[in-house]
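Structure record follows, encoded as structure tokens.
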Amino acid sequence: MEGIHPATEPHQRGGDKSIPFGDHDISKTHQDQINGQGTDHDNQNLNTTLVNNGSLDFRGRTADKRKTGGWKSTPFIVVNEAAERLAFYAIAVNIGTYLVQQMHQALPDAAAHVNNWVGLAFGSTLFGAFIADAYLGRFLNIFVFSCIYAVGMVLLTVSSTLGSLRPPPCVLNSPDCEQATKDQTAFLYCALALIGFGTGGIKPCVSSFGADQFDESDKNEVNGKYSFFNWFFFAINIGALTGITLVSYIQSEKGGGWGFGIATGAIMCSILIFVTGIPFYRYQKPMGSAFTRFYQVGVASLKNHFKGIKVQRDTVLFEVKTNESDILGARKLASTSQYRFLDKAAVITNQEADTTNRWNLCTVTQVEEFKSFIRVLPIWASTIVLAIPYAQLSTFFISQASIMDRRLGPHFVIPIGSVAVFSVLNALILVPIYEKFIVPSLRRRTGHIRGITSLQRMGVGLFISIFSMIAAAVVEKRRRDHYSTPMSMSVFWLVPQFMLMSSAEVFTYVGQLEFFYDEATDGTRSLSSAMFLSEIGIGGWLSTALIKIIGRTTGSGNNDGWLRKKLNDSRLDYFYWLLMVISIVNFLIFLWVASRYKGKNDAGNTVNVIDETIVNQSQEQDQ
């Protein structure tokens, strides 16, 4: 049957080596169906129940919608994400305080180190995506890097438990307060590096692996995919809520060993939950390195450019004759008119040349894959700045809370790390409201399946982030001017800045999930997820750089410095006002870039395409 060839091509081209979990014997009925030799009833049933996107089940067969994917498999992914995020946020909101109180680091230094760790965790997602797309596939990538993550968590628990791995207790900022030794610091940083590296391997794959469970050719499953993105973000906040509240409370009462130990148990549970779903997942095979294919397009287009090749509307471009593209497991892409210079890579300059050498001749699909990557770069660059204000959630926002009145009733004090719960609760309330009420209302008005476009959703988030910094600056000035005595101002004054930043994250983060997945090609799903996740890491590094620049410009530790060792001596409100100005400028840039963006479906068709069959016939005639 013609309709099922694209989905079954991995069997025809890859053989047993393409099977995700070893060799197997395909039943005669199933093999007959693949070859188009089954009964009419078999073929009709196959056409309606098998996926059309090349996904396989765990036995290496074309995935059956009745048994795999959709909401049968995604609960395992969602619960796994919630457990992993519990572990991550239990560290993220407490590690800054741990560095100051237990490792005796100065506040600006601790904030910079936390930002650098977040930068590693999310910046390394590009490497994780490369490994997933080129070698392991998304499932194995998640599993392997989760194990690395777990090792780091064990080391962190050991570091916080053994007294020999921390400096002796002391009164902070006192002359006799010993700093951590190089060995103690190295052991802690090694643990954090493994956790960050593990995060970098997991994060670019989880959301894409979840989206892989839905067949884009099935309208019902397409709707399920967009709901999955919202509930995936909801799961992140459930995990964050537990890590920020329960784990932080236990850590404040029992010590870091208990808190980090529970987080270690959570990441191990997340691994067990994840592998439980093996029979129900749909798997996409690794399709090779996208970066190598990008480089080949660049080399081939430059070669033809220096040969004097020009691309015009009647220029014929090269494509393979198979149902699927030359990229293993990826569907063919239509040629577009954007970035026409790159089309030179697909121009045949010699009818007798080897059409399989991709360093000299690329297919239209390979060229369009590179175009899709280039196309989203301006959007990616214009949303990075949001990550700088977002980085303050786990640094200076928490530092403010540490010297404020955190009493909740006469007998309970909110742990420092748990203050971030304001942000999480806001997200947990906002996501269901947005999904169940706002989206249907907007859909009736706009006719768009998601109510508003992904770019519009990102724009709303960027706009809200401006007011988060305004709220933070106003509250900090009031605290410093009127409540300079520690513990005299209620921590609930911080609620507006936490909730506004959380709302900005809800709109921007989910919008980015949708946008980068939709604009990705089959061979760049993990890479596209890594792109927007890397923004958080780059934002962390930019926040660190900004702190250092402010320190050098205004003075670090001096009487006139904005950011000093003690928060009451600092001018943190100036820092927040600066972030507000940066956010406004970035928002205006985003509006300009988004208004000119053309997606892969809007880029327009361009020149004709020739397949290798015609080329081979031409060669035979010449001979």
Side-chain angles (χ1 to χ4, degrees), residues 1-14 18-20 30 33-34 36 42-78 132-133 137-139 142 205-232 277-287 322-325 327-334 365 369 372 449-450 454 513-526 528-529 599-601:
M1 293 179 61
E2 183 178 353
I4 66 169
H5 287 322
T8 59
E9 179 130 11
H11 295 280
Q12 299 166 355
R13 289 167 58 183
S18 70
I19 299 167
H30 185 79
Q33 291 171 340
I34 291 176
D42 289 337
N43 289 339
Q44 182 179 4
N45 185 59
L46 184 71
N47 190 45
T48 57
T49 64
L50 294 186
V51 299
N52 291 301
N53 61 357
S55 294
L56 308 177
D57 64 15
F58 77 109
R59 297 182 184 277
R61 301 174 178 178
T62 303
D64 191 330
K65 298 178 186 178
R66 297 170 299 179
K67 301 177 182 179
T68 65
W71 295 108
K72 291 180 285 294
S73 59
T74 49
F76 296 100
I77 300 171
V78 169
D133 285 339
R138 285 186 270 278
F139 172 81
I142 295 170
C205 300
V206 178
S207 61
S208 294
F209 187 61
D212 287 343
Q213 308 308 306
F214 300 92
D215 186 356
E216 293 180 347
S217 65
D218 187 320
K219 292 183 178 179
N220 293 327
E221 293 203 1
V222 167
N223 292 333
K225 182 183 74 172
Y226 293 122
S227 291
F228 164 76
F229 284 136
N230 280 313
W231 291 113
F232 179 80
I278 286 176
F280 306 101
Y281 295 141
R282 296 175 187 171
Y283 304 87
Q284 292 280 353
K285 293 164 54 180
M287 300 177 185
T322 53
N323 289 326
E324 288 189 353
S325 72
I327 303 169
L328 183 62
R331 290 164 290 187
K332 288 182 178 179
L333 299 173
T365 297
E369 181 184 57
S372 293
I449 188 173
R450 283 164 281 175
S454 301
L513 271 176
E514 296 172 349
F515 174 79
F516 283 103
Y517 189 88
D518 287 347
E519 293 300 312
T521 61
D522 289 337
T524 59
R525 298 294 193 200
S526 297
S528 293
S529 295
K600 65 180 182 182
N601 296 324

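Index from 1, following the sequence. Heavy atoms only: backbone and side chains are in, while hydrogens, waters and symmetry mates are out.
For the atom pair OG (Ser73) and CZ (Phe280), the distance works out to 9.5 Å, reported to the nearest 0.5 Å. Atoms CG and OG, from Asp133 and Ser528 in turn, are 8.5 Å apart once rounded to the nearest 0.5 Å. Rounded to the nearest 0.5 angstrom, Asp212 CG and Cys205 SG are separated by 9.5 Å.
Residues passing the side-chain contact (heavy atoms from CB on, under 4.5 Å) test with Ala211 are Lys225, Phe229, Tyr517, sequence neighbours excluded. Partners of Thr365 according to the side chain to side chain donor-acceptor pair (under 3.5 Å) rule, which considers only residues two or more places apart in sequence or in another chain, are Glu319. Residues satisfying the side chain to side chain donor-acceptor pair (under 3.5 Å) criterion with Thr524, sequence neighbours excluded, are Thr521. Looking at residues two or more places apart in sequence or on another chain, you find a side-chain contact (heavy atoms from CB on, under 4.5 Å) between Thr74 and Trp71, Gln213, Phe214, Phe228.
With respect to the salt-bridge test (charged N to carboxylate O, under 4.0 angstrom), the residues Asp215 and Lys65 qualify. Between Arg66 and Asp64 a salt bridge is recorded (basic side-chain N to carboxylate O distance below 4.0 Å).
Contact detail for Ala63 and Arg282: the closest heavy-atom pair is CB-CG, 3.8 Å. Contact between Ile77 and Val206 at its shortest, heavy atoms only, is CG2-CG1, 3.8 Å.
In this structure, Tyr283 and Phe139 have perpendicular ring planes: the angle between them is above 60°, well past the 30° mark.
Using a 4.5 Å heavy-atom cutoff, the side chains of Tyr281 and Phe209 are in contact. Using a 4.5 Å heavy-atom threshold, the side chains of Ile278 and Phe58 count as touching. Under the 4.5 Å side-chain criterion, counting only non-hydrogen atoms from C-beta, Arg138 is in contact with Gln284.
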